[in-house]
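Working notes for the structure below.
Both counts, for ligands and for their atoms, begin at 1 and track the order of listing.
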Amino acid sequence: TSGSVATSPIDSSDDAYSIPVSIGTPAQVLNLDLDTGSSDLWVFSSLTTASEVNGQNIYTPSKSSTSKLVSGATWKVKYGDESTSSGVVYTDKVTVGGITASSQAVEVAKTVSASFTSNSDIDGLIGMGFDSLNSAKPSAVPTFFDNIIGNLDSPVFTADLKHNKAGSYDFGVIDSSKYTGSLTYVAVDTDPGYWKFTSSGYGIGSAAFKSTSVVGIADTGTTLLYLDTAIVKAYYATVSGASNSATYGGWVFKCSATLPNFVFGVGSAKITIPGSYINYSPVTTGSSTCFGGLQDSTDIGINIFGDVALKAAFVVFDGSDTPRLGWASK
Ligand SMILES: CSC[C@H](NC(=O)[C@H](Cc1ccccc1)OC(=O)N1CCC(N)CC1)C(=O)N[C@@H](CC1CCCCC1)[C@@H](O)Cn1ccccc1=O
């Protein structure tokens, strides 16, 4: 089997990308953030503390004839941006892009942190990282990808994210109409559970490409591109007036600045991120100071190829026995 689901940016800054997910019988549809940087499928629910729900769609297990409590199971996640959620576990029927997992672990939130409460565009997450990152106790529960991979024509899902418009996630098929040229594959290190790969270098604007190994993760759940200090400094050195602002917690520049393209290498292939994607957004609404889409990864401890990078490419997440990532321009 194979399937496809549209994914849309939740706002004009492409802060995150959500997909409609059907849960239960009859179907309850929630908008979840497909996150390759984590491995829990969790949702706002009828069990979530009422004061922590603010406009999100919720999953009500008691209204589903196919829901089952997993007795004794709990979960708790904490993300890189310090946001958190926790709760209990049900199994139920889950359908994405026409593909159904008949008994998917659905982690039901009893409590969520303020940043989730304040984001009415996201009703939860569907993690597509490796099982080792799943937070369920006393034992990890399989991801949606784990549960469907055996039924897929090919053990893959692909990401075709776009700037300010709908893209798609495909399951079980590689749609060659969605990219140009050919796919270049690179090995994935699944320790500790991310889609971690080594980029072969970078180029800033028209400057010569620098061949150097840059280890990072392909993370659909992270908005920006986070790389080593040296690369980031070299990039913003070409943007007059750019500075690394303590006030705003990162590199900022005049919104009117012209930003150079940023190229990253995958094997012998090169993916070009248009400079406009690195003009992420005003630091506050209406400000003429803009926050960069390329930021320093030092405080994170890992380089992250987030949406700013992913939306410049067509990416194959290959979950075969030898996991790998395929990259193509589009
Ligand atoms: C550098 S890890 C920071 C990253 N969270 C972000 O990227 C958020 C995403 C966002 C933005 C706006 C609204 C909603 C969500 O956005 C910012 O942090 N932004 C954008 C807005 C900017 N003003 C500041 C910078 C992050 O924890 N991702 C995790 C998934 C997220 C969690 C929050 C909800 C959405 C999904 C995850 O894959 C990151 N992960 C990756 C590896 C290891 C652990 C880990 O946990």
Side-chain angles (χ1 to χ4, degrees), residues 7-19 21 30-44 52 54-56 75-86 107 109 112-130 132-135 143 159 161 188-197 215-228 232 245 247-252 255 277-285 287 289-311 317:
T7 185
S8 296
I10 61 167
D11 57 27
S12 60
S13 307
D14 301 341
D15 270 315
Y17 290 81
S18 66
I19 60 169
V21 176
L30 276 65
N31 299 314
L32 305 186
D33 184 344
L34 189 152
D35 177 25
T36 57
S38 67
S39 303
D40 287 61
L41 191 170
W42 72 263
V43 294
F44 274 80
E52 296 173 355
N54 173 30
Q56 291 81 7
W75 61 278
K76 178 173 176 45
V77 287
K78 182 181 174 98
Y79 296 102
D81 57 13
E82 302 299 310
S83 54
T84 58
S85 54
S86 64
E107 300 174 25
V112 302
S113 61
S115 61
F116 284 117
T117 300
S118 65
N119 191 339
S120 60
D121 300 308
I122 289 177
D123 306 326
L125 267 69
I126 175 166
M128 300 288 267
F130 295 91
S132 45
L133 293 180
N134 179 264
S135 77
T143 64
L161 303 183
V188 160
D189 171 359
T190 59
D191 174 26
Y194 311 125
W195 292 87
K196 182 163 61 171
F197 72 103
V215 176
I217 67 171
D219 183 5
T220 56
T222 287
T223 312
L224 308 182
L225 169 58
Y226 296 89
L227 295 176
D228 299 312
V232 177
S245 159
T247 311
Y248 297 115
W251 284 89
V252 299
C255 296
Y277 288 11
I278 298 176
N279 194 336
Y280 162 65
S281 84
V283 290
T284 49
T285 311
S287 170
T289 301
C290 273
F291 196 76
L294 170 61
Q295 293 294 341
D296 193 310
S297 64
T298 307
D299 294 348
I300 303 171
I302 188 166
N303 295 319
I304 302 186
F305 291 81
D307 300 332
V308 161
L310 298 175
K311 63 190 169 187
F317 292 80

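For ligand 1, the atoms closer than 4.0 angstrom to any heavy atom of D33 are 35 (C), 36 (C). Residue I304 has at least one heavy-atom neighbour below 4.0 Å for each of these atoms of ligand 1: 1 (C). The distance from ligand 1 to the heavy atoms of N119 drops below 4.0 Å at these ligand atoms: 13 (C), 14 (C). For ligand 1 and Y226, the ligand atoms under 4.0 Å from any heavy atom of the residue are 1 (C), 25 (C). Residue D219 has at least one heavy-atom neighbour below 4.0 Å for each of these atoms of ligand 1: 37 (C), 38 (O), 39 (C), 40 (N), 41 (C). When each atom of ligand 1 is checked for a heavy atom of G37 under 4.0 Å away, the hits are 38 (O), 40 (N), 41 (C), 42 (C). Every atom of ligand 1 is numbered from 1 in the order shown, and the set under 4.0 Å from a heavy atom of I300 is 1 (C). Within ligand 1, the atoms closer than 4.0 Å to a non-hydrogen atom of G80 are 2 (S), 27 (O), 45 (C), 46 (O), numbered from 1 in the order shown.
The option with the heavy atom closest to atom 30 (C) of ligand 1, from among L224, L32, D35, is D35. For atom 34 (C) of ligand 1, the choice among W195, F116, Y194, Y280 with the nearest heavy atom turns out to be F116.
The backbone N or O of N134 sits nowhere less than 3.5 Å from a side-chain atom of S39 that would complete a donor-acceptor pair. In this structure, Q56 contributes its side chain and N119 its backbone to a donor-acceptor pair below 3.5 Å. With hydrogens and angles ignored, the 3.5 Å screen pairs no side-chain donor or acceptor of S13 with any backbone N or O of D15. Using a distance-only test at 3.5 Å, with no hydrogens or angles considered, no donor-acceptor pair links the side chain of T289 to the main chain of V283.
Protein heavy atoms are absent from the 4.0 Å sphere centred on atom 24 (C) of ligand 1.
Where the criterion is an N or O separation shorter than 3.5 Å, residue side chain and backbone included, Y79 fails it with respect to ligand 1. When only interatomic distances are considered, the shortest N/O to N/O separation between A16 and ligand 1 does not fall below 3.5 Å. Considering backbone and side-chain N/O atoms, D81 comes within less than 3.5 Å of an N/O atom of ligand 1. When only interatomic distances are considered, the shortest N/O to N/O separation between D15 and ligand 1 does not fall below 3.5 Å.
The nearest protein atom to atom 4 (C) of ligand 1, hydrogens excluded, is given as T222 OG1, 3.5 Å; this is a heavy-atom distance. Of all protein heavy atoms, the one lying nearest to atom 7 (O) of ligand 1 is T223 N, 3.1 Å. The closest protein non-hydrogen atom to atom 31 (C) of ligand 1 is G221 O, 3.4 Å.
Side chains of L133 and Y194 form a contact here, defined as non-hydrogen atoms less than 4.5 Å apart. Under the 4.5 Å side-chain criterion, counting only non-hydrogen atoms from C-beta, T36 is in contact with D219. Contact check for I278 versus W251: no side-chain heavy atoms found under the 4.5 Å cut-off. Between I302 and I304, some side-chain heavy-atom pair lies under the 4.5 Å cut-off. Two residues are said to be in side-chain contact when any heavy atoms from C-beta on lie closer than 4.5 Å; D14 and K311 meet this criterion.
For D81 and S83, the side-chain atoms include at least one donor-acceptor pair closer than 3.5 Å. With 3.5 Å as the limit, one finds a donor-acceptor pair spanning the side chains of S297 and N303.
Ring geometry, F130 versus W195: the interplanar angle falls from 30° to 60°, so the pair is classed tilted.
A heavy-atom separation below 4.0 Å is not found between G306 and ligand 1.
By the criterion of a heavy-atom distance under 4.0 Å, the side chain of I217, and not its backbone, is placed next to ligand 1.
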